[in-house]
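Whatever order the structure lists ligands and atoms in, that order sets their numbers, starting from 1. Excluded from the calculations below are hydrogen atoms, water molecules and symmetry mates; all remaining heavy atoms, backbone and side chain alike, are included. Computed from a prediction, not measured in an experiment: that's the story for all the values here.
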Amino acid sequence: MTRLSVNINKIATIRNARGGNNPNLVQVALDCERFGAQGITVHPRPDERHIRYQDVLDLHEVVTTEFNIEGNPDDRFIELVRRVKPAQVTLVPDAPDAITSNAGWDTIRHADHLRRLIDTFKADGIRVSIFVDADARMVEGAKAVGTDRIELYTEPYATHYPTDPAAAVVDFIKAAQKAQELGLGLNAGHDLSLENLRFFAEKVPSLLEVSIGHALICDALYFGLENTIQMYRRELT
Ligand SMILES: CC(=O)[C@@H](O)C(O)COP(=O)(O)O
Ligand SMILES: NCC(=O)COP(=O)(O)O
């Protein structure tokens with residue numbers, strides 16, 4: 001069964017719009033768990049445009065499901081993750097000014113850097129996942145640097161799904177098979193939605209976890225957070 005981790009970045013975006021504490025991010029995380037989320041994902045960015053570094057510390061105190069911290073491993077991020085020791089850290093190579101994550105690691109070019117980081121986090125007892133494109137060479141590179149899991153960057157799948165679902169998922173199936181062959185755990189995320197999730201989860205083998213934020217929070221505006229989380233969970237069964 002594929003587990004659902006709810007990314008709450010967008011809740012922080014709404015909160016930050018007015019400078020107060022409405023919605024209360026910690027309460028929303030607790031409610032997501034109560035409504036069926038099997039993990040909470042946050043992606044603190046250097047400009048703290050949504051998740052603030054203090055939020056990560058506050059969430060760490062209360063989250064009882066899998067806490068997954070995603071981000072570009074700059075010094076401040078590394079220090080934060082090592083302090084919090086979440087269940088999982090997901091390393092993402094995004095530029096500080098990127099609107100959102102837009103590519104996976106080149107696991108061959110950045111092998112030494114990744115190996116050092118992964119060794120550090122693993123020595124702290126933190127499971128490591130690295131964000132990669134659906135490319136068998138990058139998956140092999142990920143294995144070589146010692147990560148526990150990879151997270152497949154699913155935006156290309158989501159973009160092509162409406163026109164040709166079968167073609168859209170082909171590279172993801174191949175990358176997943178490669179991960180399986182190499183003994184790497186498999187996560188996926190970015191732009192997954194109620195429209196495209198079931199097909200992805202049915203076709204891609206050994207998918208352990210999806211992290212979903214943007215579409216899920218948008219759906220919650222119409223269906224409510226509790227219904228929406230249940231609807232996403234149903235797509236994964
Ligand atoms: C790593 C990843 O895939 C991102 O989707 C993510 O965590 C979302 O970040 P934003 O909410 O800042 O767009
Ligand atoms: N790792 C992907 C994630 O956490 C959420 O991505 P999105 O659903 O906001 O695109």
Side-chain angles (χ1 to χ4, degrees), residues 2-17 25 28-29 32 37-53 55-56 59 63 65-74 77 80-81 86-105 127-134 138 142 147 149-161 172 175 185-198 200-201 204 207-221 225 228-229 231-233 235-236:
T2 306
R3 298 170 73 82
L4 172 67
S5 182
V6 174
N7 180 317
I8 57 172
N9 293 353
K10 288 295 178 313
I11 302 297
T13 304
I14 298 172
R15 177 202 57 192
N16 295 356
L25 189 77
V28 172
C32 285
Q38 293 155 306
I40 298 294
T41 291
V42 292
H43 190 134
R45 294 180 181 274
D47 59 8
E48 300 187 271
R49 73 180 81 142
H50 42 57
I51 298 296
R52 300 178 183 135
Y53 287 63
D55 290 329
V56 178
L59 288 164
V63 168
T65 58
E66 182 205 83
F67 192 30
N68 176 40
I69 307 178
E70 300 190 335
N72 191 335
D74 62 13
F77 179 88
L80 179 74
V81 171
Q88 177 172 272
V89 62
T90 301
L91 307 180
V92 185
D94 42 22
D97 58 350
I99 290 177
T100 186
S101 310
N102 52 19
W105 288 97
R127 185 172 74 226
V128 183
S129 180
I130 61 177
F131 200 57
V132 295
D133 295 338
M138 293 303 128
T147 193
R149 292 191 187 185
I150 54 169
E151 176 177 330
L152 293 177
Y153 168 50
T154 48
E155 191 267 348
Y157 163 75
T159 302
H160 296 127
Y161 175 86
F172 292 84
L186 187 73
N187 298 341
H190 203 93
D191 278 344
L192 292 174
S193 68
L194 279 179
E195 184 193 5
N196 61 38
L197 181 60
R198 177 175 291 281
F200 189 85
V204 173
L207 183 60
L208 295 172
E209 175 184 303
V210 288
S211 48
I212 308 182
H214 186 80
L216 188 152
I217 300 303
C218 292
D219 289 331
L221 295 175
L225 193 53
T228 303
I229 289 173
M231 288 160 82
Y232 275 79
R233 285 283 308 273
E235 296 303 296
L236 293 169

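The side-chain heavy atoms of P96 and D47, taken from C-beta on, include no pair separated by under 4.5 Å. Looking at heavy atoms from C-beta onward, L194 lies in side-chain contact with E235 at the 4.5 angstrom threshold.
No donor-acceptor pair under 3.5 Å is formed between the side chain of N7 and the backbone N or O of S211. With R49 contributing its side chain and N16 its backbone, the two residues share no donor-acceptor pair below 3.5 Å. For Y232 (side chain) and L197 (main-chain N/O), no donor-acceptor pair under 3.5 Å exists by modelled atom type. A distance-only check finds a donor-acceptor pair linking the side chain of N9 to the backbone of H43 [under 3.5 Å].
Close approach of ligand 2 to T41 (heavy-atom distance below 4.0 Å) involves ligand atoms 4 (O). Each of the following atoms of ligand 2 lies closer than 4.0 Å to a heavy atom of N7: 3 (C), 4 (O), 5 (C). Of all atoms in ligand 2, numbered sequentially from 1 with element shown, those under 4.0 Å from a heavy atom of H214 are 7 (P), 8 (O), 9 (O). Which parts of ligand 2 touch G213 is read off a 4.0 Å heavy-atom cut-off, strictly below it: atoms 5 (C), 7 (P), 8 (O), 9 (O). Distances below 4.0 Å separate heavy atoms of D191 from the following atoms of ligand 2: 7 (P), 8 (O), 10 (O).
In terms of polar-atom proximity, K10 is not counted as a contact of ligand 2, lacking any N or O under 3.5 Å from an N or O of the ligand.
Of the protein's non-hydrogen atoms, the one nearest atom 6 (O) of ligand 2 is H190 CA, 3.7 Å. Of the protein's non-hydrogen atoms, S211 OG, 3.2 Å is the one closest to atom 2 (C) of ligand 2.
The proximity of E151 to ligand 2, defined as any non-hydrogen pair under 4.0 Å, is limited to the side chain. When non-hydrogen atoms are compared, ligand 2 lies under 4.0 Å from the side chain of E70 (C-beta onward) but not from its backbone.
Of the N and O atoms on the side chains of N68 and T90, at least one donor lies less than 3.5 Å from an acceptor on the other residue.
Partners of T2 by side chain to side chain donor-acceptor pair (under 3.5 Å), not counting sequence neighbours: none found.
Applying the salt bridge (charged side-chain N to carboxylate O under 4.0 Å, His left out) test between R45 and each of D94, D74, D55 identifies D94 as the sole match. Exactly one residue among Q38, Q88, R3 makes a side chain to side chain donor-acceptor pair (under 3.5 Å) with E209. That residue is Q88.
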task: Evaluate the side-chain contact (heavy atoms from CB on, under 4.5 Å) criterion for residues T154 and N196: first the C-alpha distance (whole Å), next the side-chain angles of each, then the deciding distance (0.1 Å), finally the verdict.
output: CA-CA 10 Å; T154 48; N196 61 38; over 6 Å; no
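Closer than 4.0 angstrom to ligand 1 by heavy atom are N7, N9, K10, H43, R45, H50, E70, V92, T100, S101, F131, H190, sorted by chain and number.
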